[in-house]
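Counting convention: from 1, in listed order, for ligands and their atoms alike. Side chains included, hydrogens not; waters and symmetry mates left out as well; all remaining heavy atoms used.
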Amino acid sequence: MSNATLTVSKIRSGTVIDHIPSGKAIEVLRILGITGREGYRMAILMNVESRKLGRKDVIKIEGKFLDAKELNLIALVAPTATINIVEEFEVRKKFRVAVPDVVEEVLKCPNSTCITNKEREPVKSIHKKVRDDPLEFQCMYCGTIVRVG
Ligand code: CTP
Ligand code: ZN
């Protein structure tokens, strides 16, 4: 272990989001809607050493368990992320995030005249995945393509 390693405690129970591309932790929190004001004890590690990625970010949230739909949103900003569900200090489940086929209320349609961008009565945005590489979604209302990542 190098002197540059940052040591952060293990958590007793909660979620560890590991292998986030370096510098993306804040975007991951934003897409999950976590502001820090919810009161969870959490650690945000950024630009730390990783065997697999060179550098990576890690987020540890104690006492928080997200559902698969929420966790898969992470794939939009951090496709390499692994989710670790921790209970009594042990990793009980570990899985990769998967890009969702449909996302609601997350992506903004780039078409300013789209009904989802109307100021008075905005309709919630819905996008469906139309391409994996490069990752592209399509607005279900006006058909505009949104490139992600
Ligand atoms: N972790 C934690 N608290 C625990 C258990 C694990 O914060 N009680 C964290 C570890 O620090 C690590 C991640 O959860 O960041 C995954 O833990 P583990 O599976 O033990 O590590 P690795 O084997 O290195 O994971 P991988 O193979 O996914 O790289
Ligand atoms: Zn649209």
Handout entry: Thr82-Asp18 side chain donor-acceptor pair, cut-off 3.5 Å
Key = no
Exercise for the section: Applying side chain to side chain donor-acceptor pair (under 3.5 Å), name anything that partners Ser9, two or more places apart in sequence or on another chain. Expected result: none
Practice task
Output all residues satisfying side chain to side chain donor-acceptor pair (under 3.5 Å) with Asn111, sequence neighbours left out; order by chain, then residue number.
Solution key: Thr113
Handout entry: Residue pairs involving residues 70-90 (criterion salt bridge (Lys or Arg N to Asp or Glu O under 4.0 Å); sequence neighbours excluded)
Key = Arg12-Glu88, Glu87-Arg92
Exercise for the section: Among all protein heavy atoms, pick the one closest to atom 10 (C) of ligand 1 and tell me residue, atom and distance. Expected result: Lys10 NZ, 4.0 Å
Exercise for the section: Among all protein heavy atoms, pick the one closest to atom 12 (C) of ligand 1 and tell me residue, atom and distance. Expected result: Asp18 OD2, 3.8 Å
Handout entry: Heavy-atom check, side chain of Leu32 versus side chain of Leu66, under 4.5 Å
Key = yes
Exercise for the section: Mind running side-chain contact (heavy atoms from CB on, under 4.5 Å) on Val97 and Ile83 for me, showing each step along the way? Expected result: CA-CA 7 Å; Val97 293; Ile83 307 301; 3.7 Å; yes
Exercise for the section: Looking only at distances, please establish whether an N/O atom of ligand 1 is found under 3.5 Å from an N/O atom of Ile11. Expected result: yes
Fill in the blank from the handout: Checked the Zn ion (ligand 2): protein N, O or S atoms closer than 2.8 Å come out as Cys109 SG, Cys114 SG, Cys139 SG, Cys142 SG
Fill in the blank from the handout: atom 1 (N) of ligand 1 has as its nearest protein heavy atom Val16 CG2, 4.0 Å
Practice task
Taking the side chain as every heavy atom from C-beta outward, state whether Val16 and Ile59 have any atom pair closer than 4.5 Å.
Solution key: no
Practice task
Identify which one of Asp57, Val28, Thr80 satisfies the side-chain contact (heavy atoms from CB on, under 4.5 Å) criterion when paired with Pro21.
Solution key: Thr80
Problem - Close N or O approach (Lys60, ligand 1; < 3.5 Å) - result: yes
Problem - Protein heavy-atom partner closest to atom 20 (O) of ligand 1 - residue, atom, separation in Å - result: Val91 CG2, 4.1 Å
Exercise for the section: Indicate whether any N or O donor in one side chain lies under 3.5 Å from an N or O acceptor in the other, for Asn84 and Lys93. Expected result: no
Completion exercise
Judged by heavy atoms only, the candidate from Arg12, His19, Lys56 nearest atom 29 (O) of ligand 1 is His19
Exercise for the section: Would you check, one step at a time, whether the test side-chain contact (heavy atoms from CB on, under 4.5 Å) holds for Val146 with His127? Expected result: CA-CA 9 Å; Val146 189; His127 290 80; 3.7 Å; yes
Handout entry: Which residue and heavy atom of the protein sit nearest atom 24 (O) of ligand 1, plus the separation
Key = Arg51 NH2, 4.0 Å
Problem - Closest to atom 22 (P) of ligand 1 (judged by heavy-atom distance), picking from Lys94, Arg96, Glu88 - result: Lys94
